[in-house]
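Side chains included, hydrogens not; waters and symmetry mates left out as well; all remaining heavy atoms used.
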Amino acid sequence: MKFNVPSKTLYNCASAVSKVINSKNALTILNNFLFELNGNVLTITASDVENRLVSHVEVMDAEGEGCFCVDARRIVELLKEMPDQGITFEINDDNLSVEINYSSGNSSLIAINGNEFPANEAESGAENAISFTCPTEQILKGIENTMFAVGNDELRPQMMGILWDIKPDGIVFVATDTRKLVKYTNTLSAPKAEGSFILPLKPANVIKNVFAKDDEISVHLTNKGVTFESASYKFNCRLIKGNFPDYNRVIPTANPNEVTVDRLSFLNAVRRMAVFVDPSHGLVKFKLSDNKMELKVTDNNFCTSGHEEVPCNYAGQETIIGFSAQYLIEIANIINTDDMVIKLADPSRPGMFLPSENNDYSELVVILMPMTVSDF
């Protein structure tokens, strides 16, 4: 086999596909890319058994057809250091030696038979299949707004991913770790189908990093897994099995005390207070009174404390409540409006954090459990 390909084009595809590869793999073959030459199209595949990412590159001066595996790390690092130029791959079909020729030199390595690379089983099993196409923006916003709330407790595997609740008129993305829950509804496009699945965190990161430049993504859900396909990439991944908790039941419906506060002022105040919190719990106490929010933290171990006041719009009864500084910072960072709305009931019930307004096609709701506060 032989083919010529622009180095930067190959690097962009190879570096993107390599995001699926684990730093340590149980099977040595998974440290490699699978290169398949068919006509003038080179297909690059990487896998960690559970996830499989594929990209296609048009090549020139192609001779022969076949497949072989090459070390992913070496190929990516070589292409990264190479200026943009045409490079030629020559593969000896008998001993699988690979010669890489470019303007200033050449490199050589020994490939592995491509037939040893694990086969793809994720696309099999079309029973109860669901397919739809939506703008990439819709999926990326769903992932970006929910990733921070994904749990890491292996005793609750259903919470170690993002729930996609597919409705005929939109997609609801949900994540929770039992302390915080985020629900993001996006109706930018209508799937015109119904179904649900739990996407693990690693595939969510791959989609976020790899598909960002594509305009739209086709989603194909089967009983074996889900496939995401764009003009540039095709990604198969397995899903988390089990039933996600009923998220609508935990969203409060009656939180009478409503606070409107400048989001950046709130975020910066919490960040400053976070410097002095007790790291064992990260508690920030809040005292709400007429148009005033007070923040207080103490760390008795190091005799440190902090106190700040943030102006706000609040006319309810005086309320004292506590929240984790880390979680508050995460929540304030994903809300993208100038003002943030906080709805509270009492110090023992979860608080709701909302943008001051939603756009025409999305709605964000974040629920955060409070921490025990005896006094201010």
Side-chain angles (χ1 to χ4, degrees), residues 143-153 159-160 175-184 201 205 208 250 252 255 257-314 316 318-356 364-376:
I143 292 174
E144 290 167 357
N145 281 300
T146 53
M147 283 184 70
F148 78 97
V150 172
N152 56 10
D153 185 356
M159 297 183 185
M160 296 178 66
T176 182
D177 62 0
T178 72
R179 294 175 293 273
K180 56 185 179 291
L181 179 146
V182 57
K183 173 187 174 185
Y184 177 75
L201 196 56
N205 271 307
K208 178 184 174 183
V250 302
N255 280 16
N257 301 322
E258 183 172 313
V259 187
T260 302
V261 62
D262 180 81
R263 184 184 64 86
L264 283 178
S265 298
F266 175 86
L267 175 59
N268 291 330
V270 173
R271 281 175 170 164
R272 288 189 290 268
M273 291 297 95
V275 176
F276 300 101
V277 298
D278 186 333
S280 65
H281 51 66
L283 171 65
V284 180
K285 299 178 182 179
F286 291 84
K287 183 178 180 180
L288 297 168
S289 53
D290 288 343
N291 295 327
K292 184 173 70 173
M293 174 188 290
E294 294 182 69
L295 291 72
K296 186 177 181 181
V297 297
T298 56
D299 184 355
N300 294 326
N301 294 323
F302 293 93
C303 299
T304 60
S305 63
H307 179 270
E308 279 210 28
E309 293 185 5
V310 178
C312 65
N313 185 359
Y314 180 71
E318 183 175 292
T319 301
I320 296 174
I321 195 168
F323 291 108
S324 162
Q326 176 190 346
Y327 296 156
L328 290 173
I329 291 170
E330 292 173 340
I331 292 169
N333 276 325
I334 67 160
I335 292 176
N336 57 10
T337 53
D338 292 337
D339 291 332
M340 181 172 67
V341 176
I342 306 172
K343 294 184 178 182
L344 305 169
D346 60 61
S348 64
R349 297 175 61 186
M352 294 178 63
F353 296 78
L354 314 164
S356 57
L364 177 67
V365 178
V366 184
I367 310 301
L368 181 61
M369 292 297 296
M371 302 177 70
T372 303
V373 175
S374 57
D375 55 44
F376 191 73

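The shortest non-hydrogen separation linking Val310 to Ala269 is CG2-CB, 3.6 Å. Between Ala274 and Val277, the shortest heavy-atom distance links the atoms O-CG2, 3.3 Å. Pairing each heavy atom of Val250 with each of Leu181, the nearest pair is CG2-CD1, 3.6 Å. The heavy-atom pair separating Asp290 from Gly316 by the smallest distance is OD1-O, 4.3 Å. The two residues Leu344 and Gly351 come nearest to each other via the heavy atoms CD2-CA, 3.8 Å. Gly322 and Leu283 get closest at one heavy-atom pair: CA-CD1, 3.7 Å.
Looking at residues two or more places apart in sequence or on another chain, you find a side-chain contact (heavy atoms from CB on, under 4.5 Å) between Asn255 and Pro252, Lys343, Ala345, Arg349, Met352. Listed by chain and residue number, nothing satisfies the salt bridge (Lys or Arg N to Asp or Glu O under 4.0 Å) test with Lys296 (two or more places apart in sequence, or in another chain).
Side-chain atoms of Thr319 and Tyr314 include a donor-acceptor pair closer than 3.5 Å.
Atom CG of Asn152 is surrounded by 12 or fewer heavy atoms from other residues, nucleotides or ligands within 6.0 Å. Atom CG of Asp338 is surrounded by 12 or fewer heavy atoms from other residues, nucleotides or ligands within 6.0 Å.
Going from atom CG of Leu201 over to atom NZ of Lys208 covers 9.5 Å, rounded to the nearest 0.5 Å. Rounded to the nearest 0.5 Å, atoms OG (Ser324) and NZ (Lys180) are 8.0 Å apart.
Classification of Glu308 and Arg272 as a salt-bridged pair holds, one side-chain N sitting under 4.0 Å from a carboxylate O.
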What's the verdict on side-chain contact (heavy atoms from CB on, under 4.5 Å) for Asn313 and Val259, showing C-alpha distance, side-chain angles and the deciding distance? CA-CA 6 Å; Asn313 185 359; Val259 187; over 6 Å; no
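Between Phe353 and Phe323, the ring-plane angle classifies as perpendicular under the 30° and 60° cut-offs.
Remark: the backbone N or O of Tyr184 is not paired with any side-chain donor or acceptor of Asn145 at under 3.5 angstrom. For the pair Arg263 (side chain) and Ala332 (backbone), a donor-acceptor distance under 3.5 Å is present. Of the possible polar contacts, one joining the Thr337 side chain to the Ser356 backbone as a donor-acceptor pair under 3.5 Å is found.
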